[in-house]
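Letters A, B, ... are given to chains in the order of the sequence lines, protein chains preceding strands, and every chain is numbered from 1.
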Amino acid sequence: MTKQLLKGNVAIAEAAVRAGLEAYFGYPITPQTELLEHLSARMPELGRVFLQAESEVAAINMLYGALSTGARAMTSSSSPGFSLMQEGLSYIAASDIPGVVVDVMRGGPGLGNILPSQGDYFQVTRSAGHGDYRPIVLAPASVQEAIDFTVLAFDLAEQYRHLVIIALDGLIGQMMEPAELPPMRDINTHRPDWALTGAEGRPKRMISSLYLQAEAQEAVNRRTQARLKIISENETRWIEYMTDDADYLLVGYGSAGRIAYSAVQSARRDGLKVGLLRPQTLWPFPSERLHELAGQVRGCLVVEMNAGQMLDDVRLAVNGRVAVDFFGRMGGIVPMPDEILGAIQQMQHERI
Amino acid sequence: MASDQIHKAIVFAGFGGQGIMFIGQLLAYAAMDHGYHVTWIPSYGPEMRGGTANCFVVVSSDPIGAPVAAYPDVALIFNRPSFDKFEPLVRDGGLLVVNSSLVEQQTAREALDVVRVPATKIASAVGSERLTNAVLLGAMLTVEPILPITAINAALQAHMPAHRRDALAANIDALERGSQHVRKQNPELLNSLSI
């Protein structure tokens, strides 16, 4: 395969097709719409299901139904539309069925604007929807990662029978970069032993998220927590850049993470020993590694396109070992490497 | 393939309809085919306000972090509002390529290299005002030869959608006319370039 110049949104859509996506349900919203647009042509061409729902509430519940049959299915949206999906996300998670949902984050709160943001960090990492669980959250920082994480999302979802959210900011969705698509996989027609396939000739199966007895509900909660523990032990992913000798550590994901990478290069040219940790999974979060690195640096600087959300997770991980500062831009403004460099210099000045 | 060490942030700015997005993508395709790292992003920030359309292309011999730059290395200015917006932002020592058919304004900044090309007029002579974008790109690559113009021609051949292929020859012509204009004004470039 050779590299193609691909837009992030289109790349995710085509990667999903090649990963064996059988059904897509969605509703258009900027800056995510190219994803839906690509699938509106590709899925019918392949004889697969593309359905533009009447709303995001409908789309997520259509997804719930399709997933219950054991099919590879997904939906996608952007922040306000993703909010509308919260109830369905929680039901899917509580039903122990594998699901993939893409959130191309835009400025908020409210309708906000169509510009890139990372304002949904709390929403995606704490528990998408109500209840007491965490979805797996993948945060790509390039078009290639967006492709790779789409394929990974389906595999992780099925391996753990768990909800996976691909959370990217609008910049990654709108950007074109050379990237390589995976080969076309056959659709997996095998249906797992929990799937609703019609009970003729076998005992009935049931998918539900309703447990009226406290003991039964707690047993489900315990099972979920046990699964989350296994996931956090095995699926925490991150990238490090020049952390070996770093005096200061930048922490950023998605676009903020790749812009922080440029800031590290500028800082190094100025003789400042700066490194970067870029979480690829926002949940599970690379807390242990951060705690370790906090023991060898003089300060951490968290960079986000929000008012400071992952900042909480970094502070929990660092647990007071070293000062944690924050640099963020909001409202759809993309931070520039020079601004981040300025924040590093200020931190160095204040924390000598 | 790409052996030279380069890192250039280039902004293309003009009205919607002037082919800003396409010409940026064309440079991105050529850079990719040449083996460089490249990113392209459409006007996707507060700069969307004020009637300008723009896109950012970063071409680099190394993996690219920021796909944007506060102070771009090169700006291709298609109209007056874009001049007002980006002329102050191009970094010192950077290059300003101005469509002088629509922009009379002169820069007061001495630290900039400035190339003024009557691109819309040249494009009309080639066949259509819509080729303004190719004229300006040809001019830019003649002063700032990060890729040979032949690489752009090859990218046009390889990536132009089927329904636009009738415009292929005119685009190649427009790129060359933009380059010629710059070489005529700056004869010293004739010797240093292998176009």
Side-chain angles (χ1 to χ4, degrees), chain A residues 2-9 30-31 34 106-107 113-117 141-144 169-180 239 241 250 252 254-267 269 276 278 303 305 329 331-342, chain B residues 1-2 5 7-12 20-49 53-73 89 91-92 154-156 158-161:
Chain A
T2 52
K3 287 191 172 180
Q4 304 174 41
L5 192 66
L6 290 167
K7 190 175 244 209
N9 285 333
T30 307
E34 296 88 354
R106 65 186 236 179
N113 59 35
I114 62 171
L115 302 171
S117 164
S142 66
V143 173
Q144 187 64 59
D169 52 83
L171 197 67
I172 305 292
Q174 292 296 322
M175 180 171 61
M176 291 178 94
E177 261 185 321
E180 195 173 328
I239 294 278
Y241 177 60
L250 296 182
S255 287
R258 68 182 288 158
I259 294 164
Y261 169 91
S262 293
V264 170
Q265 292 177 319
S266 305
R269 278 195 292 273
L276 168 70
R278 177 168 67 79
V303 183
M305 284 147 65
R329 295 301 303 260
I333 294 175
V334 177
M336 293 292 165
D338 313 38
E339 295 178 291
I340 301 171
L341 184 61
Chain B
M1 289 229 293
Q5 287 293 311
H7 187 94
K8 297 282 177 198
I10 302 150
V11 62
F12 298 81
I20 304 293
M21 301 302 161
F22 171 77
I23 204 71
Q25 284 177 9
L26 182 62
L27 177 63
Y29 276 117
M32 174 180 75
D33 294 345
H34 206 69
Y36 285 129
H37 296 270
V38 64
T39 56
W40 172 94
I41 54 167
S43 44
Y44 201 63
E47 64 268 21
M48 286 172 79
R49 298 177 200 139
N54 60 70
C55 67
F56 253 97
V57 177
V58 177
V59 179
S60 183
S61 44
D62 295 306
I64 297 167
V68 287
Y71 308 104
D73 301 293
L89 294 181
R91 68 163 176 81
D92 283 351
L156 272 167
H159 304 288
M160 204 164 199

Task: Point-to-point distance, once rounded to the nearest 0.5 Å, from CD of A:Gln4 to CE of B:Met32 - done: 7.5 Å
Task: side chain to side chain contact (heavy atoms under 4.5 Å, CB included), paired with B:Pro42, selected from A:Met176, A:Gln174, A:Met175 - done: A:Gln174
Open item on the list: Quick check: closest heavy atoms across B:Pro67 and A:Arg258, and the distance to 0.1 Å?
Closed with: CD-NE, 4.0 Å
Open item on the list: With a 4.5 angstrom heavy-atom cut-off, is it the side chain or the backbone of A:Pro337 that approaches chain B, or both, or neither?
Closed with: side chain
Task: Side-chain heavy-atom pair A:Pro178, B:Tyr36 within 4.5 angstrom cut-off - done: no
TODO: Measure the shortest side-chain to side-chain distance between A:Ser142 and B:Ile64 over non-hydrogen atoms and say whether it is less than 4.5 angstrom.
DONE: no
TODO: For A:Met336 and B:Ala69, work out which heavy atoms get closest and say how close.
DONE: SD-C, 3.6 Å
- [ ] With the side chain counted from C-beta on, respond yes when A:Gln265 and B:Asp62 share a heavy-atom pair under 4.5 Å apart, and no when they do not.
- [x] no
Task: Heavy-atom side-chain proximity of B:Thr39 to A:Val143 below 4.5 angstrom - done: no
TODO: Please report the shortest heavy-atom distance between A:Leu5 and B:Ala28, naming the atom on each side.
DONE: CD2-CB, 3.7 Å
- [ ] Measure B:Ala31 against the heavy atoms of chain A and call it side chain, backbone, both or neither at under 4.5 Å.
- [x] neither
Task: Side-chain heavy-atom pair A:Lys7, B:Trp40 within 4.5 angstrom cut-off - done: yes
